[in-house]
Engineer: 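One structure, pasted below without further comment.
Within every chain, numbering begins at 1; the chains are lettered A, B, ... in the order of the sequence lines, protein sequences first and strands thereafter. Just the heavy atoms: all of them, side chains too, but no hydrogens, waters or symmetry mates, feed the values below.
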2 protein chains.
Amino acid sequence: MRDAVRRALEVCPIEVGVAVAGGDWKLTTVWKLSGGPLRFGELQRAVGPVSAKTLTRQLRSLETDGVVVRTVFPEVPPRVTYELTEAGRELAGIAVQLGRWSERFIAPVEASTVSEYGPAS
Amino acid sequence: MRDAVRRALEVCPIEVGVAVAGGDWKLTTVWKLSGGPLRFGELQRAVGPVSAKTLTRQLRSLETDGVVVRTVFPEVPPRVTYELTEAGRELAGIAVQLGRWSERFIAPVEASTVSEYGPAS
DNA sequence: CTGTATCCAACAGGATACTG
DNA sequence: CAGTATCCTGTTGGATACAG
């Protein structure tokens, strides 16, 4: 278990959730994976302007916390896929709600809603 | 509007939500306020081991983003209360869901659930 | 293709002392 | 009481170059 999570456990469940799901790109990553497994490169393009280094670290963190599963195929060129666990699928639902909340209260828009975008195909 | 929010607007609604609600103590603060207005000191004790400096900054950020309202009473000693806007009340619901999610998938427990704790009285 | 190593700037958050 | 000012450490995240 990661230190950040262990520390949050001493405080309250909400902080545990923040320790696991907080940080740039994490929830968007989970959301993009809710359409099914994606390779590293596909994921990077789908998530947005995230560096490989950061995406890798966030994915490792999510893997440690039991949100995603990483599968390495012993091929050349290498192929690695990421998919959600049950915890990840549940978290994706919360991510969508947060996206809708921000559309409603922070940046009201008519088009380009998270509801319409959907996860990466 | 804060820079972090403006930058997230270029990416996706979920990242906007993270920009507003992400960061230690913010969601717990919102949750504790869901029981009604609290003074600064009450809030600090309710949230947990957060420094005054950090809590102040998070509250200012939440105020700028339209999640909380800060009210100063011209008295001696000074009294300042914080309360949720409608956006804040909606966000508190998501915070509770995140807390329940972490209880279910990260740190399963029988007692001491976020559901039982409730906001500060 | 999927990363890692290194360097760097910016930010987060605690501790302490202090103010109106 | 409700902060602010200062100093400090650790973390975050991009850019670039490189590796298997």
Side-chain angles (χ1 to χ4, degrees), chain A residues 2-8 10-12 15 18-29 32-33 37-65 68-83, chain B residues 2-8 10-12 15 18-29 32-33 37-65 68-83:
Chain A
R2 294 183 306 117
D3 279 357
V5 176
R6 200 191 320 278
R7 266 179 267 125
E10 304 298 314
V11 183
C12 95
E15 287 305 311
V18 172
V20 172
D24 295 353
W25 311 117
K26 265 187 180 177
L27 281 182
T28 299
T29 298
K32 291 292 185 182
L33 286 174
L38 289 176
R39 301 180 56 165
F40 182 84
E42 295 172 325
L43 196 47
Q44 184 173 13
R45 283 187 296 275
V47 166
V50 58
S51 67
K53 170 188 161 183
T54 297
L55 182 58
T56 298
R57 185 153 35 82
Q58 303 292 53
L59 284 168
R60 293 286 190 281
S61 168
L62 290 170
E63 187 189 9
T64 300
D65 294 337
V68 306
V69 172
R70 178 173 180 263
T71 306
V72 181
F73 296 85
E75 307 170 357
V76 178
R79 179 160 61 105
V80 177
T81 66
Y82 295 87
E83 63 187 314
Chain B
R2 294 182 306 119
D3 279 358
V5 176
R6 200 190 321 278
R7 267 178 266 124
E10 304 298 314
V11 182
C12 95
E15 287 305 311
V18 172
V20 172
D24 295 353
W25 312 117
K26 264 187 181 177
L27 281 182
T28 299
T29 298
K32 291 293 184 181
L33 285 174
L38 289 176
R39 302 179 58 163
F40 182 85
E42 296 172 325
L43 196 47
Q44 185 172 13
R45 283 186 295 275
V47 166
V50 58
S51 66
K53 170 189 161 184
T54 297
L55 182 58
T56 299
R57 184 155 35 80
Q58 303 292 53
L59 284 168
R60 292 285 190 283
S61 167
L62 290 170
E63 186 188 10
T64 300
D65 293 336
V68 306
V69 173
R70 177 173 180 265
T71 307
V72 181
F73 296 85
E75 307 171 356
V76 178
R79 180 160 61 106
V80 178
T81 67
Y82 296 87
E83 63 186 316

Engineer: Considering only heavy atoms from C-beta outward, does the side chain of B/Tyr82 approach that of B/Leu38 to under 4.5 Å?
Structural biologist: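 No, their side chains stay 4.5 Å or more apart.
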Engineer: Checking all strands, does A/Tyr82 fall into the base, sugar-phosphate, or nothing category for heavy-atom contacts under 4.0 angstrom?
Structural biologist: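 Result for A/Tyr82 = sugar-phosphate.
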Engineer: Using a 3.5 Å distance criterion without hydrogens, assess whether the side chain of A/Arg79 forms a donor-acceptor pair with backbone atoms of A/Phe40.
Structural biologist: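 Between the backbone of A/Phe40 and the side chain of A/Arg79 there is no qualifying donor-acceptor contact (under 3.5 Å).
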Engineer: Can you check side chain to side chain contact (heavy atoms under 4.5 Å, CB included) on B/Leu43 and B/Arg39, steps first, answer last?
Structural biologist: CA-CA 6 Å; B/Leu43 196 47; B/Arg39 302 179 58 163; over 6 Å; no
Engineer: Any donor and acceptor pair, going by atom type alone, linking the side chain of B/Lys26 with main-chain N or O of B/Val20 inside 3.5 Å?
Structural biologist: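 Pair found, side chain donor or acceptor close to backbone of B/Val20.
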Engineer: Let me know the distance between CD of B/Gln58 and P of C/dC11, rounded to the nearest Å.
Structural biologist: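 That distance rounds to 14 Å.
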Engineer: Using a 4.0 Å heavy-atom cut-off across all strands, classify A/Gln44 as base, sugar-phosphate, or nothing.
Structural biologist: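 Touches nothing.
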Engineer: Answer with base, sugar-phosphate or nothing: what part of the nucleic acid does A/Arg39 contact at a heavy-atom distance below 4.0 Å?
Structural biologist: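 Result for A/Arg39 = sugar-phosphate.
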Engineer: Side chains of B/Val11 and A/Trp25: does their closest heavy-atom pair fall under 4.5 Å?
Structural biologist: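 B/Val11 reaches A/Trp25 side chain to side chain.
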Engineer: So which one's nearest nucleotide on DNA chain D is more toward 5', B/Ala52 or A/Arg57?
Structural biologist: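 Upstream on the strand: B/Ala52.
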Engineer: Extract from the structure each pairing of a protein N or O with an N or O of nucleotides 14-18 of chain C at less than 3.5 Å, listing the distance.
Structural biologist:
residue : atom : partner : partner atom : Å
C/dG14  : OP1  : B/Trp25 : NE1          : 3.4
C/dG14  : OP2  : B/Ser51 : OG           : 3.1
C/dG14  : OP2  : B/Thr54 : OG1          : 2.7
C/dG14  : O6   : B/Lys53 : NZ           : 2.1

Engineer: Test B/Thr29 against every option in B/Val68, B/Asp24, B/Val50, B/Val47 by the side chain to side chain contact (heavy atoms under 4.5 Å, CB included) rule and name the one that passes.
Structural biologist: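 Exactly one candidate clears the test, B/Val47.
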Engineer: Can you confirm whether A/Glu83 sits close enough to A/Leu33 that some side-chain heavy atom of one is under 4.5 Å from a side-chain heavy atom of the other?
Structural biologist: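 Side-chain contact under 4.5 Å: no.
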Engineer: Distance from A/Lys32 atom NZ to A/Gln44 atom CD, nearest 0.5 Å?
Structural biologist: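 Separation between the atoms: 13.5 Å.
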Engineer: Between A/Ser61 and A/Arg57 (side chain of the first, backbone of the second, donor and acceptor by atom type, cut-off under 3.5 Å), is there such a pair?
Structural biologist: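 No; zero donor-acceptor contacts below 3.5 Å.
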Engineer: Provide, to the nearest angstrom, the distance between the CG atom belonging to A/Leu38 and the P atom belonging to C/dG3.
Structural biologist: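 It is 13 Å, rounded to the nearest whole Å.
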Engineer: Once you round it to whole Å, what is the distance between C1' of C/dC11 and CZ of B/Arg7?
Structural biologist: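 Nearest whole value for this atom pair: 10 Å.
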Engineer: Go through DNA chain D in 5' to 3' direction and return only the first and the last nucleotide with some atom under 4.0 Å of chain B's heavy atoms.
Structural biologist: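 Footprint of chain B along DNA chain D, 5' to 3': D/dC1 to D/dC7.
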Engineer: Kindly say if A/Arg60 contacts the phosphate of C/dG3, meaning a side-chain N or O under 4.0 Å from OP1 or OP2.
Structural biologist: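 True: A/Arg60 side-chain N/O within range (under 4.0 Å) of C/dG3 OP1/OP2.
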